Trainee: 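Please read through the structure below; I'll follow up with questions.
These numbers were taken from a predicted model, which means no experiment stands behind them. So you know, we letter chains A, B, ... as the sequences are listed, proteins then strands, and number each from 1.
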2 protein chains.
Amino acid sequence: MSNKKVFEQSNLQNLTVNTDSFECSITTDIAVFGYVDHRLKILLTKRSVGEFTDHWMLPGGVMEGNETLKDCASKVLVALTGVENIHFEQVKVYSAIDRHPIKRVITVSFYAMIRPENHPLFLKGNVEQIAWFDMDEIPKNLGFDHSQIIHDAYMFLKNNLKDRLVMGELLPKKFTLTELQGLYEDILGLQLDKRNFRKRIFQMDILKNTGEVKAGIKGGPILYEYRVDKKA
Amino acid sequence: MSNKKVFEQSNLQNLTVNTDSFECSITTDIAVFGYVDHRLKILLTKRSVGEFTDHWMLPGGVMEGNETLKDCASKVLVALTGVENIHFEQVKVYSAIDRHPIKRVITVSFYAMIRPENHPLFLKGNVEQIAWFDMDEIPKNLGFDHSQIIHDAYMFLKNNLKDRLVMGELLPKKFTLTELQGLYEDILGLQLDKRNFRKRIFQMDILKNTGEVKAGIKGGPILYEYRVDKKA
DNA sequence: ACAAAAGTGTTTGCGCTACACCCATGC
DNA sequence: GCATGGGTGTAGCGCAAACACTTTTGT
């Protein structure tokens, strides 16, 4: 351990950082993205209690002592949609002191991607309304700092799209390359070249040809599925 | 707002997510990187109280009610090094239930970059030792999950290096391009081509020629400094 | 004057982009 | 059989990597 300065204990004043715990609320807010009708959507809720009762906001909930943040996010999502085993990705922590109008609440945002048709929505507890909103039709006056959270999560999603493949299940289990390309185009908000897109996807080597073709569509497009033996 | 399913309130059972707060500790752990003698270093501490008293660990501290996470990170860093106005970047949240052996502690990791020579270390409070460790000489048995946190922060740093310029102050205010290149090489762990590196840096347009040359070095290298009028 | 480090352009190769036709299936 | 969408290859271009010599200063 060369080249290292070590200072032994001396009697200086106490560290201003203390090691006591303090009372706080930790929540997770989840940006659940869906893909319907060639549009990227996000799931928002309206609550009957709490702050911002007349505002749309992200589904979110308080973390409890016996769960991790991912557990918490999963719990919230299950409670809202019934869906389980969904891939979550941590996005960011929000800790502005006044982000909650009456108490101190720190929130960790996650994002998840589901197919709305697979997950019927159930209103539970203090949730008055649930709705899928088009990404370009999100109300301006969301509760808390959720506009910012959505913005950050969307940027995160777009960035991840660049190199990795979309995780989660925005598409059916078996899908055509055209469907996958449409998803990319709708998320990124631009048009892609069919041949170049296919090259890129095949290079990633994450799709498996199911041997089936999708019926009802001219041309007889091949159905693919994600390879499970591939990581990332 | 087309194509949106809205569900009105119905009397289903309560959401399992409750909105009550629960008792918890939130801390920040800071991966403070330094650059000395052509080696990337990280600042570790040993504590006289608390868990893992005989283990090295990242500087970290509990968040208080009147501060944001960044405030907290800054506070901890100031308390340890006296340095202020340092750029922090949030890395990740760690919420494993058993990551603290006796109580529930959630930590948010940050990273920062300083020049050790600018910031003499002061032992305060329950800190017994402080030391700069070479990145490849980090003790195996750090306290808590700090090995993981360091690993993640280092990856984060390397990724940021790819496109952005190194923020923070790992180098003197005025530095030569060779020094900057050495920093990149030492952080990334590989060798770079001098001419290509210079092209890349100049393209970024973030350096200002001070007009001075560094004395005592053959060749008379030009001293540069970061442009303050550039964002990102 | 000699050694050591700084500074500077050009060529090459690879990957990304642009682009058009044939094939399979639905109707 | 005709219209619609699926599937395929190649040429050009821009960016990044490879590469060597001259200039400056210290000793």
Side-chain angles (χ1 to χ4, degrees), chain A residues 35 37-39 158-166 171-227, chain B residues 35 37-39 158-166 171-227:
Chain A
Y35 185 59
D37 193 30
H38 261 263
R39 286 171 182 278
K158 286 206 281 191
N159 281 333
N160 277 356
L161 211 58
K162 283 177 191 163
D163 20 50
R164 309 179 197 175
L165 187 65
V166 177
L171 289 176
K173 195 171 171 186
K174 298 175 181 180
F175 49 87
T176 67
L177 284 174
T178 302
E179 289 169 342
L180 183 62
Q181 181 177 342
L183 174 64
Y184 268 70
E185 289 177 338
D186 293 325
I187 292 179
L188 296 175
L190 46 86
Q191 251 170 292
L192 303 172
D193 180 87
K194 202 202 304 185
R195 283 169 288 192
N196 295 333
F197 178 77
R198 289 159 122 85
K199 262 181 288 182
R200 264 177 51 202
I201 295 296
F202 287 136
Q203 275 173 11
M204 292 188 203
D205 194 34
I206 42 175
L207 295 188
K208 198 173 74 182
N209 187 329
T210 65
E212 307 168 47
V213 296
K214 184 156 186 172
I217 294 178
K218 307 175 187 193
I222 299 169
L223 283 166
Y224 291 87
E225 61 187 6
Y226 291 111
R227 288 178 56 175
Chain B
Y35 185 61
D37 193 31
H38 261 264
R39 287 171 182 275
K158 285 206 279 192
N159 282 332
N160 277 355
L161 210 57
K162 283 177 190 163
D163 20 52
R164 310 178 197 174
L165 187 67
V166 178
L171 288 177
K173 194 173 172 185
K174 299 176 182 181
F175 50 87
T176 68
L177 284 173
T178 302
E179 288 168 343
L180 184 63
Q181 181 177 345
L183 174 65
Y184 269 69
E185 290 177 336
D186 292 325
I187 291 179
L188 295 176
L190 45 85
Q191 251 170 292
L192 303 172
D193 179 87
K194 202 202 305 184
R195 282 170 287 190
N196 295 334
F197 178 78
R198 289 159 122 88
K199 263 181 283 182
R200 266 178 50 204
I201 295 295
F202 286 137
Q203 275 174 10
M204 293 188 204
D205 193 34
I206 42 176
L207 295 188
K208 197 173 75 183
N209 187 328
T210 64
E212 307 168 47
V213 295
K214 185 157 186 172
I217 294 180
K218 305 177 188 193
I222 299 169
L223 282 166
Y224 292 86
E225 61 188 6
Y226 291 112
R227 288 178 55 175

Trainee: Rounded to the Å, how far apart are L177(A) CG and dG5(D) C1'?
Mentor: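 Computing the L177(A):CG to dG5(D):C1' distance gives 13 Å.
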Trainee: Atom CG of L192(B) and atom C1' of dA18(D): how far apart are they, to the nearest Å?
Mentor: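 Taking atom C1' of dA18(D) as the reference, CG of L192(B) is at 13 Å.
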Trainee: If you check the K218(A) side chain, which of dC27(C), dG7(D), dA6(C) turns out closest?
Mentor: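 Of the candidates, dC27(C) comes closest.
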Trainee: Measuring only between side-chain heavy atoms, which start at C-beta, is K174(B) closer than 4.5 Å to I222(B)?
Mentor: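 No, every pair of side-chain atoms sits at 4.5 Å or beyond.
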Trainee: What's the closest nucleotide to the side chain of I217(A) if the choices are dT8(D), dA6(C), dG5(D)?
Mentor: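 Out of dT8(D), dA6(C), dG5(D), the nucleotide with an atom closest to I217(A)'s side chain is dG5(D).
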Trainee: Check whether any side-chain heavy atom of Y226(A) lies under 4.5 Å from a side-chain heavy atom of L207(A), and answer yes or no.
Mentor: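 They are in side-chain contact.
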Trainee: Salt bridge or not between K208(A) and E225(A)? Use side-chain N to carboxylate O under 4.0 Å.
Mentor: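 Looking at K208(A) and E225(A), the cut-off is met.
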Trainee: Contact between I201(B) and Q181(B) at the side-chain level, heavy atoms closer than 4.5 Å - yes or no?
Mentor: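 No, every pair of side-chain atoms sits at 4.5 Å or beyond.
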Trainee: Given atom CD of E179(A) and atom P of dG7(D), what is their separation to the nearest angstrom?
Mentor: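 In whole Å, dG7(D) P lies 10 Å from E179(A) CD.
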Trainee: Reading nucleotides 11-16 of chain C 5' to 3', which nucleotides get B (base under 4.0 Å from a protein heavy atom), which S (sugar-phosphate only), which -?
Mentor: ------
Trainee: Give a yes/no answer on whether the side chain of R195(B) brings an N or O atom under 4.0 Å of OP1 or OP2 in dA18(D).
Mentor: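 No, R195(B) has no side-chain N/O under 4.0 Å of OP1/OP2 on dA18(D).
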Trainee: Heavy atoms only, 4.0 Å cut-off, all strands: where does T178(B) land among base, sugar-phosphate and nothing?
Mentor: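 Sugar-phosphate only.
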Trainee: Without decimals, in angstroms, what is the distance between K194(B) NZ and dA18(D) P?
Mentor: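 Roughly 16 Å, once rounded to whole Å.
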Trainee: Take atom CZ of F197(B) and atom C1' of dC15(D), then tell me their distance rounded to the nearest Å.
Mentor: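 Atom-to-atom, F197(B) to dC15(D), this comes out as 18 Å.
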Trainee: If I take atom CD1 in residue I222(B) and atom P in nucleotide dT25(D), what distance separates them, rounded to the nearest angstrom?
Mentor: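 Value for this atom pair: 10 Å.
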Trainee: Round to the nearest Å and state the distance from L190(A) atom CG to dT17(C) atom P.
Mentor: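 The answer, rounded to whole Å, is 10 Å.
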Trainee: Could you grab the distance from atom CG of L180(A) to atom CZ of F197(A), nearest 0.5 Å is fine?
Mentor: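 Separation between the atoms: 4.0 Å.
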Trainee: Roughly how far apart are R198(A) CZ and T178(A) OG1, rounded to 0.5 Å?
Mentor: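 R198(A) CZ to T178(A) OG1: 5.0 Å, rounded to 0.5 Å.
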Trainee: Taking Y35(B) for the side chain and L183(B) for the main chain, is one N or O donor matched with an acceptor at less than 3.5 Å?
Mentor: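 Looks like yes, one N/O pair under 3.5 Å.
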Trainee: In whole angstrom, give the distance that lies between atom CG of D193(A) and atom P of dA20(C).
Mentor: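 Going from D193(A) (CG) to dA20(C) (P), I get 11 Å.
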